[in-house]
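Since we're looking at a predicted model, the values are computed, not measured.
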Amino acid sequence: AGAATPQPPRQYKLAPQSELRVEVLPDAPLRVRLVTGTAEIFGTELPPEGWVPVPPRSKIAVFTWHGATVELDGVSESEYTSDETPMVIYVNTHAILDARRARARAAAAQGGDMEASQGPRVIVVGPTDSGKSTLCKMLLSWAAKLGWKPTYVDLDIGQGSITIPGCISASPIEKPIDIVDGIPLEMPLVYFYGHPNPSINADVYKVLMKELAKTLEKQFSGNAESRAAGMVINTMGWVEGLGYELLLNAIETFKANVVLVLGQEKLWKMLKDAVQSKSNIDVVKLHKSEGVVLRNSKYRQKTRSFRIREYFYGIANDLAPHSNIVNFSDVSVYKIGGGHQAPRSALPIGAEPVADPTRLVAVNISTDMIHTVLAVSYAKEPDEIISSNIAGFIHVTDVDIQRKKLTYIAPCPGDLPSRLLIASSLTWYEA
Ligand code: ADP
């Protein structure tokens with residue numbers, strides 16, 4: 001296509017309950033402005049005045065409940081309006097959740113038990129590109145607009161929206177999600193899996209979910225407000241075989257009581273049979289929006305790379321990472337799940353060798369680590385690594401075997417907060 005041809009600013013008059021769908025190019029800035037009426041982007045209202053920059057590569061919808069005129073400035077990849085959206089169904093779902101939050105809060109005020117004072121724990125499931133992350137954002141932003149502080153839990157290690165790929169994480173959402181900055185990063189709780197695909201070591205994925213759930217449970221038990229607000233849990237788009245098993249596992253681990261199934265009848269039916277009949281879990285089928293943009297695996301891979309880059313350089317390219325050098329002896333790098341089982345000869349007679357999939361293995365620093373991401377653990381001892389969350393990430397830029405020195409970039413200057421690092425298969429190549 002070559003260089004984008006300039007487009008003059010243009011206005012769209014949106015009828016009530018319709019939306020303007022826009023795809024932003026990677027390198028052409030685009031901004032949007034509300035001219036009249038009210039409109040929102042995935043649950044967050046556009047300010048009444050001023051231009052809002054839309055992040056590069058994003059695919060958004062500017063939706064209006066009551067009608068609006070909006071203006072676009074800059075070149076887009078595509079833009080069109082549609083009046084066929086599932087937004088009424090989504091907002092009705094929000095209203096039901098809201099009533100449950102109010103009920104939980106009232107119960108807490110009357111000294112109700114843990115069960116009664118627990119707000120909705122919503123888990124959103126569906127195939128890739130069914131609009132899961134988008135629905136999560138809307139539910140969170142609508143709840144936050146009403147003053148709730150729900151917890152966002154992101155179990156999508158492939159295309160997560162809280163931090164870099166390869167992690168499962170949680171963050172309280174205290175105000176509608178910022179259109180430009182996304183999920184707030186002040187206090188996310190992050191556990192590091194280290195790969196974009198759960199099948200590499202599904203047992204570790206399950207253990208990390210348990211750890212995250214345990215930590216959240218602890219936080220909720222001391223905080224009636226966040227308990228009543230509940231959780232919104234985003235999941236991976238893998239819904240068959242092991243993927244399906246992990247969904248069941250997530251529902252159980254986080255004690256979800258509402259399952260929202262997007263865009264797949266079969267998955268809805270399966271989950272309904274598997275969980276609704278046995279417990280008080282509502283399994284609800286929701287329409288997928290036609291606006292959701294399909295992304296192929298190459299695009300996904302690219303997005304993962306950009307997410308890593310963003311961690312160090314900022315979404316708007318406004319951060320400058322710090323380069324640093326450590327001696328090999330100053331850090332210890334571990335891998336979770338070595339997969340090596342004990343040799344038969346080392347076992348008692350008759351015992352079958354079992355691989356411990358969550359075993360911690362020390363790894364030697366090598367040039368293979370160049371371009372990979374290492375997580376900095378909050379653990380004090382190696383055996384606490386799997387149950388500890390993550391302080392942050394570094395990106396290895398060089399390994400000098402002879403001088404035994406590792407060069408990395410980090411978002412902050414100064415010493416690493418811990419010497420215990422976790423290796424990963426996540427790579428990013430600085431262009
Ligand atoms: P999933 O989480 O199921 O993989 P996402 O919610 O991430 O799907 O949606 C895929 C892409 O489509 C995202 O880039 C998202 O911003 C975009 N998108 C979702 N809904 C709309 C819409 N109504 N109009 C335009 N783009 C949308």
Side-chain angles (χ1 to χ4, degrees), residues 121-128 132-133 136 151-171 188-220 231-259 261 267 270-271 274-275 278-279 281 283 334-341 352-361 375 377-379 382-390 422-426:
R121 294 186 173 191
V122 188
I123 185 165
V124 179
V125 307
T128 38
K132 295 180 295 299
S133 322
C136 287
T151 300
Y152 182 39
V153 177
D154 199 344
L155 303 178
D156 187 355
I157 49 181
Q159 309 279 315
S161 30
I162 297 185
T163 182
I164 72 164
C167 299
I168 63 170
S169 48
S171 177
L189 192 58
V190 181
Y191 288 83
F192 194 56
Y193 172 73
H195 317 283
N197 179 339
S199 62
I200 292 175
N201 198 332
D203 291 296
V204 171
Y205 183 77
K206 286 185 198 165
V207 169
L208 295 178
M209 282 202 288
K210 265 208 192 89
E211 292 295 338
L212 176 58
K214 203 164 76 185
T215 307
L216 289 174
E217 214 68 71
K218 222 180 280 159
Q219 291 182 352
F220 286 145
M231 312 186 207
V232 176
I233 307 168
N234 189 21
T235 59
M236 289 180 285
W238 189 20
V239 298
E240 266 147 41
L242 177 60
Y244 177 73
E245 190 198 308
L246 292 173
L247 284 182
L248 289 178
N249 203 274
I251 292 170
E252 190 184 341
T253 305
F254 290 92
K255 302 202 177 76
N257 47 28
V258 179
V259 184
V261 188
L267 179 63
M270 278 167 72
L271 286 171
V275 303
K278 288 192 221 108
S279 48
I281 306 174
V283 183
Y334 289 89
K335 190 167 103 178
I336 305 173
H340 294 298
Q341 51 195 42
E352 277 301 307
V354 271
D356 176 3
T358 62
R359 203 165 75 107
L360 200 66
V361 185
S377 177
Y378 270 128
D383 62 1
E384 293 170 358
I385 284 181
I386 195 151
S387 59
S388 299
N389 57 317
I390 294 303
I422 311 172
S424 83
S425 64
L426 300 163

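- At least one donor-acceptor pair closer than 3.5 Å links the side chain of Lys132 to the backbone N or O of Gly126.
- Distance check, rounded to the nearest 0.5 Å: OH of Tyr378 to CD1 of Ile385 gives 14.5 Å.
- Between Leu248 and Ala274, the shortest heavy-atom contact is CD2-CB, 4.1 Å.
- Each of Asn389, Asp154, Ile162 was compared with Pro188 under the side chain to side chain contact (heavy atoms under 4.5 Å, CB included) criterion, and only Ile162 meets it.
- Residues passing the side-chain contact (heavy atoms from CB on, under 4.5 Å) test with Thr253, sequence neighbours excluded: Met209, Lys210, Ala213, Asn249.
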Next on the checklist: Let's go through Asn234 and Val232 carefully: what are the C-alpha distance in whole Å and the side-chain angles of both, what is the deciding distance for side chain to side chain contact (heavy atoms under 4.5 Å, CB included) to 0.1 Å, and is it a yes or a no?
Outcome noted: CA-CA 7 Å; Asn234 189 21; Val232 176; over 6 Å; no
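- Counting non-hydrogen atoms of neighbouring residues, nucleotides and ligands closer than 6.0 angstrom, the CD atom of Glu252 reaches no more than 12 such neighbours.
- Distance check: Asn257 CG to Ile251 CD1 gives 11.0 Å after rounding to the nearest 0.5 Å.
- Residues Leu189 and Thr215 come closest through the heavy atom pair CD2-CG2, 3.5 Å.
- Considering only heavy atoms from C-beta on, Ser133 stays 4.5 Å or farther from Gln159 through its side chain.
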Checklist entry - Could you walk me through whether Phe254 and Leu212 pass the side chain to side chain contact (heavy atoms under 4.5 Å, CB included) check? => result CA-CA 9 Å; Phe254 290 92; Leu212 176 58; 4.0 Å; yes
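- Heavy atoms only, all atoms of each residue included: Tyr193 and Ala202 are closest at OH-N, 4.3 Å.
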Next on the checklist: Between Tyr244 and Leu271, is the side chain to side chain contact (heavy atoms under 4.5 Å, CB included) condition met? List the steps.
Outcome noted: CA-CA 9 Å; Tyr244 177 73; Leu271 286 171; 3.6 Å; yes
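- Between atom OG of residue Ser279 and atom NZ of residue Lys255 there is a gap of 12.5 Å, rounded to the nearest 0.5 Å.
- Nearest heavy-atom pair, Val190 versus Ser169, reported as atom, atom and distance to 0.1 Å: CG2-CB, 3.9 Å.
- When Asn201, Thr358, Leu246 are each tested for a side chain to side chain contact (heavy atoms under 4.5 Å, CB included) with Lys206, only one passes: Leu246.
- Between the Tyr334 side chain and the Pro382 main chain, no donor and acceptor come within less than 3.5 Å of each other.
- Between Gln219 atom CD and Thr151 atom OG1 the span is 7.0 Å, to the nearest 0.5 Å.
- With 3.5 Å as the limit, one finds no donor-acceptor pair spanning the side chains of Ser388 and Tyr191.
- Between the CD1 atom in Ile390 and the OG atom in Ser377 there is a gap of 5.0 Å [rounded to 0.5 Å].
- Using a cut-off of 4.0 Å between Lys/Arg side-chain N and Asp/Glu carboxylate O, Glu217 and Lys214 are scored as not salt-bridged.
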Item to check | From CA spacing to verdict: side chain to side chain contact (heavy atoms under 4.5 Å, CB included), Leu247, Val239 | outcome: CA-CA 7 Å; Leu247 284 182; Val239 298; 4.0 Å; yes
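- Between Phe192 atom CZ and Ile386 atom CD1 the span is 12.5 Å, to the nearest 0.5 Å.
- At least one side-chain heavy atom of Leu155 sits under 4.5 Å from a side-chain heavy atom of Tyr205.
- Nearest approach of Pro196 to Leu426, heavy atoms of both residues: CD-CD2, 3.9 Å.
- Inter-residue side-chain proximity for Asn197 and Ile157 is flagged as unmet; no heavy-atom pair is nearer than 4.5 Å.
- Between the side chain of Ser425 and the main chain of Gly194, a donor-acceptor pair closer than 3.5 Å is present.
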